[in-house]
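Chain letters run A, B, ... following the sequence lines, proteins first and then strands; every chain starts at 1.
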Number of protein chains: 2
Amino acid sequence: MKIIKKEVDYAIRALIFIYEKGGKSSITEICRNMNAPNPFLRKILQILSKNGILKSTKGIGGGFEFNKPFGEITLADITYLFTEKIKKGSCPFKTPICSNSHKCKLKFKISEIEDKIYEQLSSVKISDLWRP
Amino acid sequence: MKIIKKEVDYAIRALIFIYEKGGKSSITEICRNMNAPNPFLRKILQILSKNGILKSTKGIGGGFEFNKPFGEITLADITYLFTEKIKKGSCPFKTPICSNSHKCKLKFKISEIEDKIYEQLSSVKISDLWRP
DNA sequence: AAAAAATGATACTATTTTAGTATCATTTAA
DNA sequence: TTAAATGATACTAAAATAGTATCATTTTTT
């Protein structure tokens with residue numbers, strides 16, 4: 001089961017890199033270090049920026065720095081910037097193929113399960129992921 | 001987050017239909033009832049058959065029936081016929097983009113999380129999904 | 001024996017999602 | 001004013017998911 005997208009993976013590692021660099025870095029620098037495609041990482045960090053995880057400054061000497069304390073960022077924070085949450089009590093399939101949807105409990109179970117996944121992801125801080 | 005594939009959805013509903021039909025039915029009959037594409041459902045039930053959930057008989061009057069008691073089949077049983085499990089402690093990405101993989105804890109966390117998902121899925125019996 | 005009605009196996013195609021690229025605009029420091 | 005950064009956004013490529021097509025095999029009925 002795919003829990004983490006590549007975007008999330010890149011985001012996590014970029015955050016850790018920025019932290020190690022003392023709290024600020026640029027796409028170019030991050031990419032040089034972690035071997036991610038520059039324009040893709042850029043798109044990713046822009047999303048973190050728009051969502052209050054990072055803040056950015058343009059121009060020479062610019063880059064991305066933390067807007068939220070590094071130690072408070074969780075796996076859930078990042079994952080759910082790139083992953084749609086299932087709406088509670090609605091069938092997860094676009095075509096409502098099923099004629100019994102009014103008595104179907106699957107949709108409720110699924111969102112219960114997603115809640116638990118979310119709990120799990122929330123319990124993991126990005127800062128806990130690196131280093132022994 | 002996508003927890004259930006369409007194959008799993010169809011499989012679940014087919015199982016419930018077979019149960020309601022008294023424990024045996026054919027693809028044609030199931031499809032007529034639940035509006036799934038016949039050859040796709042066929043492929044799905046063949047997988048359930050190969051994996052000991054159902055057993056099949058060919059020829060006129062044939063079809064699929066339970067090989068395992070309906071009440072014992074869980075969401076995990078079905079899901080993991082169609083979903084790869086993440087290998088413990090191995091990076092989930094094919095290209096090992098990351099130079100720090102020896103100190104990376106993400107892979108361990110991910111498989112811990114998958115274990116919890118599995119627990120959740122195991123706790124849901126297919127027989128619990130229908131009816132009020 | 002032959003035809004019909006079922007599943008088995010498997011290769012192929014289409015659609016959707018994920019991953020990644022390209023490009024032009026804007027900001028800022030040197 | 002130019003270079004070095006991000007912002008926005010449209011486009012393309014690759015991979016995964018969903019679905020189709022076809023031929024083989026088995027079994028029952030006629």
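Atom CZ of R42(B) and atom C1' of dT20(D) are 11 Å apart (whole Å). Between E65(B) atom CD and dT7(C) atom P the separation is 11 Å, expressed in whole Å. dA16(D) atom P lies 10 Å from atom NZ of K6(A), rounded to whole Å. If you measure from atom CG of N38(A) to atom C1' of dA5(D), you get 11 Å, rounded to the nearest angstrom. Rounded to whole Å, atom C1' of dA18(D) lies 13 Å from atom CG of D9(B). Spacing between atom CD of E7(A) and atom C1' of dG20(C) amounts to 9 Å, rounded to whole angstrom units. I60(A) places its CD1 atom 13 Å from the C1' atom of dT6(D), with the value rounded to the nearest Å. Remark: P of dT17(D) and CE of M1(B) are 13 Å apart, rounded to the nearest angstrom.
Donor-acceptor pairing under 3.5 Å, judged by distance alone, is present between the side chain of K43(A) and the base of dG20(C).
Among the heavy atoms of the strands, none lies under 4.0 Å from G61(A).
DNA chain D is contacted by both F82(B) and G59(B); F82(B) maps to the nucleotide lying nearer its 5′ end (nearest heavy atom per residue).
At the phosphate of dA18(D), OP1 or OP2 sits under 4.0 Å from a side-chain N or O atom of K2(B). Residue T57(B) places no side-chain N or O under 4.0 Å from the OP1 or OP2 atom of dA6(C).
Residue K58(B) has its side chain nearest to dT27(D) when only dT6(D), dT27(D), dA9(C) are considered.
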